[in-house]
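Structure first, then comments.
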Amino acid sequence: MIDGIELAASGLDAYAHVQEVIARNLANANTVGFKKNTISFKTILTQTDDIETSNLQTNYGIDYSKGNLKYTGNTLDISIDGDGFFTLETENGMRYTRNGQFRLSNTSEIVTDSGAKLLGLNGPIQLPKDGGEIVIDNAGIIKVNDKQVGKLMITNFNDLSKVLPTGNSTFIAPLDAIDEEGEKKFKVAQGYLEGSNVSVVTEMVDMITNMRSYEASNSVVKNFSDMMERLISNQSNIV
């Protein structure tokens, strides 16, 4: 009976973690460039002194599939149609993102809302301070008044499991995860933003299913608890 209570209780804990992940995904369903969080569980069996016990291992992950592109018409809204990430220079080092919502800084550099600098192949992208028409082509080449001022640094990774979220739709990765030799398969689209890859309908269905599973496990725990209470009560009456 104790094993049954422990098993049901571990299930409750797992369903609570799933609910947290679903809530986080739903909260970011409209966040530009957000990548869906995932969660999975694995039962680990251990044996000590001929007693076998099981523990539930929780694994968190990220779904890096592409979100839908939405036309905005804004000059510095940029999306990547295909593989890769925009490369950012921040106070905390290099970061990567699929959030292509940029603006011009006071010094005419292309930056994110938080001030991180968008990197080109030759460093931060500096535009002429006297302005001009900004055109970004499919290859990521940036021109102002028909004069090239830079080319976007699009970073690919050979192992996305090493790419970790750091908040605000940005990610960090070790240098050995960067794929420098692989074929670049992307097109840059100016005037478009990549939305979140979260499906609200799917998340809502998963939430309802998860809540039902939670309620079922909670009912099991309650039944075991009632049985324990009756057994203890019966033992007291016998004494």
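In what follows, residues are counted from 1 in the order of the sequence shown.
Checking side-chain atoms of Gln101 against main-chain N and O of Gly33 turns up no donor-acceptor pair under 3.5 Å. Of the possible donor and acceptor atoms, none in the side chain of Asn138 sits under 3.5 Å from a partner among the backbone N and O of Lys187. One N or O on the side chain of Thr72 and one on the backbone of Gly191 form a donor-acceptor pair closer than 3.5 Å. The backbone N or O of Asn197 lies less than 3.5 Å from no partner atom in the side chain of Asp63, so there is not a single donor-acceptor pair. The backbone N or O of Leu104 lies less than 3.5 Å from no partner atom in the side chain of Ser108, so there is not a single donor-acceptor pair. Between the side chain of Arg95 and the backbone N or O of Ala173 there is no donor-acceptor pair closer than 3.5 Å. Of the possible polar contacts, none joining the Thr90 side chain to the Ala116 backbone as a donor-acceptor pair under 3.5 Å is found. Without hydrogens or angle criteria, Asp83 side chain to Phe186 main chain gives no donor-acceptor distance under 3.5 Å. Side-chain atoms of Gln190 never come within 3.5 Å of backbone atoms of Ile142 as a donor-acceptor pair (strictly under, hydrogens ignored). Using modelled atom types, no side-chain atom of Tyr96 and backbone atom of Val163 make a donor-acceptor pair closer than 3.5 Å.
No side-chain heavy atom of Met94 sits less than 4.5 Å from a side-chain heavy atom of Thr155. A 4.5 Å side-chain heavy-atom check between Thr166 and Leu164 finds every atom pair outside the cut-off. Put simply, the side chain of Glu133 does not reach to within 4.5 Å of the side chain of Asp146, judged on heavy atoms.
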Ile110 and Leu76: CA distance, side-chain angles, deciding distance, side chain to side chain contact (heavy atoms under 4.5 Å, CB included) verdict: CA-CA 8 Å; Ile110 301 178; Leu76 291 182; 4.1 Å; yes
Begin from the C-alpha positions of Tyr60 and His17 and carry the test side chain to side chain contact (heavy atoms under 4.5 Å, CB included) through to its verdict. CA-CA 10 Å; Tyr60 292 94; His17 285 301; 3.1 Å; yes
Does the pair Val188 and Leu152 meet the rule for a side chain to side chain contact (heavy atoms under 4.5 Å, CB included), with working shown? CA-CA 9 Å; Val188 172; Leu152 294 173; 4.0 Å; yes
Under the criterion side chain to side chain contact (heavy atoms under 4.5 Å, CB included), I'd like the reasoning laid out for Ile141 against Ile136: C-alpha separation, chi angles, the key distance, then a yes or no. CA-CA 6 Å; Ile141 294 174; Ile136 305 172; over 6 Å; no
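At a threshold of 4.5 Å between side-chain heavy atoms, the hydrophobic network of Ile, Leu, Val, Met, Phe, Trp and Tyr places Ile80 and Ile134 in one connected group. Side-chain heavy atoms closer than 4.5 Å link hydrophobic residues (I, L, V, M, F, W, Y) into clusters, and following such links, even through other members, never connects Val149 to Leu119. When hydrophobic clusters are built by joining Ile, Leu, Val, Met, Phe, Trp and Tyr residues whose side-chain heavy atoms come closer than 4.5 Å, directly or via intermediates, Val144 is not grouped with Val135. When the side chains of ILVMFWY residues are joined at heavy-atom separations under 4.5 Å, either directly or via intervening members, Val18 and Val200 end up in a single hydrophobic cluster. The hydrophobic clustering, which links ILVMFWY residues whose side-chain heavy atoms are closer than 4.5 Å, places Phe102 and Met153 apart.
Within the model, atoms CG of Asn74 and OH of Tyr192 stand 12.5 Å from one another, a figure rounded to the nearest 0.5 Å. With values rounded to the nearest 0.5 angstrom, Glu109 atom CD is found 10.0 Å from Leu118 atom CG. Distance check, rounded to the nearest 0.5 Å: OG1 of Thr38 to CD1 of Ile62 gives 6.5 Å. Interatomic distance, Phe86 CZ to Ser79 OG, rounded to the nearest 0.5 Å: 6.5 Å. One distance of note links CD1 of Ile22 with CG of Asn210; it measures 5.0 Å at 0.5 Å rounding. Atoms CG and OG, on Asn68 and Ser196 in that order, are 9.5 Å from each other to the nearest 0.5 Å.
The salt bridge (charged side-chain N to carboxylate O under 4.0 Å, His left out) analysis of residues 203-223, with sequence neighbours excluded, yields the pairs Lys36-Glu203, Lys222-Asp226.
Between Phe157 and Phe171, the ring centre distance reaches or exceeds 6.0 Å.
Counting all heavy atoms, side chain and backbone alike, Ser161 lies closest to Asp159 at OG-OD1, 2.5 Å. The heavy-atom pair separating Val32 from Ser169 by the smallest distance is O-OG, 3.2 Å. Here the closest non-hydrogen pair linking Phe34 and Arg24 is CZ-O, 4.4 Å. Across every non-hydrogen atom of Pro124 and Glu89, the tightest pair is CG-OE2, 4.0 Å. Counting all heavy atoms, side chain and backbone alike, Thr202 lies closest to Ser199 at OG1-OG, 3.1 Å.
Within 6.0 Å of CG on Asn122 lie no more than 12 heavy atoms contributed by other residues, nucleotides or ligands. No more than 12 heavy atoms of other residues, nucleotides or ligands sit less than 6.0 Å from atom CG of Asn30. The environment of Asn168 atom CG is sparse: at most 12 non-hydrogen atoms of other residues, nucleotides or ligands sit within 6.0 angstrom.
One finds a salt bridge joining Asp176 and Lys162 here, because a Lys/Arg side-chain nitrogen approaches an Asp/Glu carboxylate oxygen to under 4.0 Å.
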